[in-house]
Amino acid sequence: RISHLSGTTGGREPGPADRCVSDPLVRELAPVDLPALVRLDEAVFGVGREDWLRALFDASNTRHFGRGAVGALEASVGLRERRDGVLYLDTCNAQSFDALQPLIDHVIGQHADHVLECMVALDSDLHRHLLGHGFFVPSRFAEIGPLVDYAGGEQTGIGCAEQVRTLNWF
């Protein structure tokens with residue numbers, strides 16, 4: 001099957017913080033937030049991935065941010081350090097972009113001194129928003145064009161919802 005999720009890497013060079021407004025509901029997640037993160041991820045992705053999320057939560061190069069009260073997340077973002085200090089936005093989850101946007105703005109603003117990248121679904125609300133933050137397609141990806149998620153087997157719809165805004169390359 002070929003899912004609707006084609007993507008490309010968007011990158012942003014270090015620069016001034018922009019659109020970083022204080023939001024009392026945005027915070028770095030702690031272990032107590034894992035059950036709420038698992039529930040949000042399952043609602044967005046379509047299948048439970050608790051073991052995978054627990055491994056990510058325990059990884060030393062990954063931090064998680066969320067928006068919402070303890071036990072009731074409405075948006076989450078994984079931030080993973082990669083080579084050369086590049087920070088990668090992964091698992092950008094929310095049922096609505098209105099919930100995700102303030103969290104994305106906060107994470108980008110708080111990490112504006114780093115190169116940021118995101119494997120984002122083309123033409124998604126997140127893709128358009130990242131372009132507004134100065135993200136661009138690096139030349140190494142512009143040359144090969146968009147990436148398309150391809151998998152054989154039964155089409156289940158898992159991972160193909162409009163709310164799945166990023167390809168997760170952990």
Side-chain angles (χ1 to χ4, degrees), residues 5 7-121 124-127 129-136 138 141 159 161 163-170:
L5 186 62
T8 190
T9 292
R12 180 182 192 269
E13 295 297 321
D18 57 355
R19 288 187 260 179
C20 183
V21 295
S22 178
D23 184 335
L25 295 178
V26 171
R27 60 197 166 75
E28 187 162 357
L29 299 181
V32 68
D33 295 304
L34 185 59
L37 180 61
V38 168
R39 285 191 301 274
L40 175 63
D41 181 74
E42 184 172 355
V44 170
F45 195 76
V47 67
R49 305 186 292 175
E50 182 173 356
D51 291 342
W52 181 70
L53 286 168
R54 184 178 308 283
L56 295 179
F57 214 86
D58 292 342
S60 63
N61 68 335
T62 305
R63 297 167 62 196
H64 296 273
F65 297 85
R67 184 169 189 269
V70 173
L73 289 177
E74 58 184 41
S76 68
V77 171
L79 188 66
R80 177 174 47 106
E81 186 171 351
R82 295 186 63 212
R83 74 212 175 307
D84 301 324
V86 171
L87 298 179
Y88 216 79
L89 300 169
D90 276 313
T91 61
C92 299
N93 284 334
Q95 290 287 2
S96 77
F97 190 68
D98 288 342
L100 184 61
Q101 182 178 338
L103 179 57
I104 291 289
D105 291 348
H106 177 86
V107 170
I108 290 172
Q110 291 295 308
H111 300 89
D113 58 338
H114 286 81
V115 173
L116 298 171
E117 292 183 349
C118 182
M119 184 65 73
V120 63
S124 66
D125 43 21
L126 179 58
H127 180 229
H129 190 69
L130 292 178
L131 291 173
H133 270 290
F135 279 68
F136 59 92
F141 276 86
Q163 293 83 4
V164 178
R165 296 172 174 92
T166 55
L167 300 173
N168 304 309
W169 293 58
F170 285 98

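Residues: numbered from 1 along the sequence shown.
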A.B. asks: Does T91 reach the side chain of F45, with side-chain heavy atoms less than 4.5 Å apart?
C.D. replies: no
A.B. asks: What closest approach, in Å, do P35 and V32 show between heavy atoms, and which atom pair accounts for it?
C.D. replies: CD-O, 3.5 Å
A.B. asks: Taking atom NE2 of H129 and atom SG of C118, what is their separation to the nearest 0.5 Å?
C.D. replies: 11.5 Å
A.B. asks: Take H106 and V77, measure what side-chain contact (heavy atoms from CB on, under 4.5 Å) needs, and give me the verdict at the end.
C.D. replies: CA-CA 10 Å; H106 177 86; V77 171; over 6 Å; no
A.B. asks: Test of understanding: with side-chain hydrogen bond (donor to acceptor under 3.5 Å, both in side chains), list the residues that count as partners of R67, not counting sequence neighbours.
C.D. replies: D23, E74
A.B. asks: Does any non-hydrogen side-chain atom of E117 lie less than 4.5 Å from one of R82?
C.D. replies: yes
A.B. asks: Only counting residues at least two apart or in another chain, list the ones meeting side chain to side chain contact (heavy atoms under 4.5 Å, CB included) with A43.
C.D. replies: Q95
A.B. asks: Supply the atom-to-atom distance N61 CG to R80 CZ, rounded to the nearest 0.5 angstrom.
C.D. replies: 7.0 Å
A.B. asks: Out of curiosity, L130 CG to I104 CD1, how far, rounded to the nearest 0.5 Å?
C.D. replies: 6.0 Å
A.B. asks: Is there side-chain contact between L29 and L73, with at least one heavy-atom pair below 4.5 Å?
C.D. replies: yes
A.B. asks: Rounded at 0.5 Å granularity, tell me how far CG in L53 sits from CG in D58.
C.D. replies: 11.0 Å
A.B. asks: Can you name the residues that form a side chain to side chain contact (heavy atoms under 4.5 Å, CB included) with R63, not counting sequence neighbours?
C.D. replies: E28, F65, H111
A.B. asks: Between D33 and H64, do the side chains contain a donor N or O and an acceptor N or O under 3.5 Å apart?
C.D. replies: no
A.B. asks: Holding to side-chain hydrogen bond (donor to acceptor under 3.5 Å, both in side chains), I want the full list of residues that pass it with E50, two or more places apart in sequence or in another chain.
C.D. replies: R54
A.B. asks: Does some side-chain heavy atom of L34 sit less than 4.5 Å from a side-chain heavy atom of L37?
C.D. replies: yes
A.B. asks: Are any side-chain N or O atoms of D125 and backbone N or O atoms of F97, one a donor and one an acceptor, separated by less than 3.5 Å?
C.D. replies: no
A.B. asks: Go through the structure and list residues passing side chain to side chain contact (heavy atoms under 4.5 Å, CB included) with A55, not counting sequence neighbours.
C.D. replies: none
A.B. asks: Can you measure from CD1 (I108) to CZ (F135) and round to the nearest 0.5 angstrom?
C.D. replies: 4.5 Å
A.B. asks: Minimum heavy-atom separation for A94 and L100, please, with both atom names.
C.D. replies: CB-CB, 3.7 Å
A.B. asks: Give, for atom CG of L116 and atom CG of D113, the distance between the pair rounded to the nearest 0.5 Å.
C.D. replies: 8.5 Å
A.B. asks: Looking at side-chain heavy atoms only, is the closest gap between T62 and L79 below 4.5 Å?
C.D. replies: no
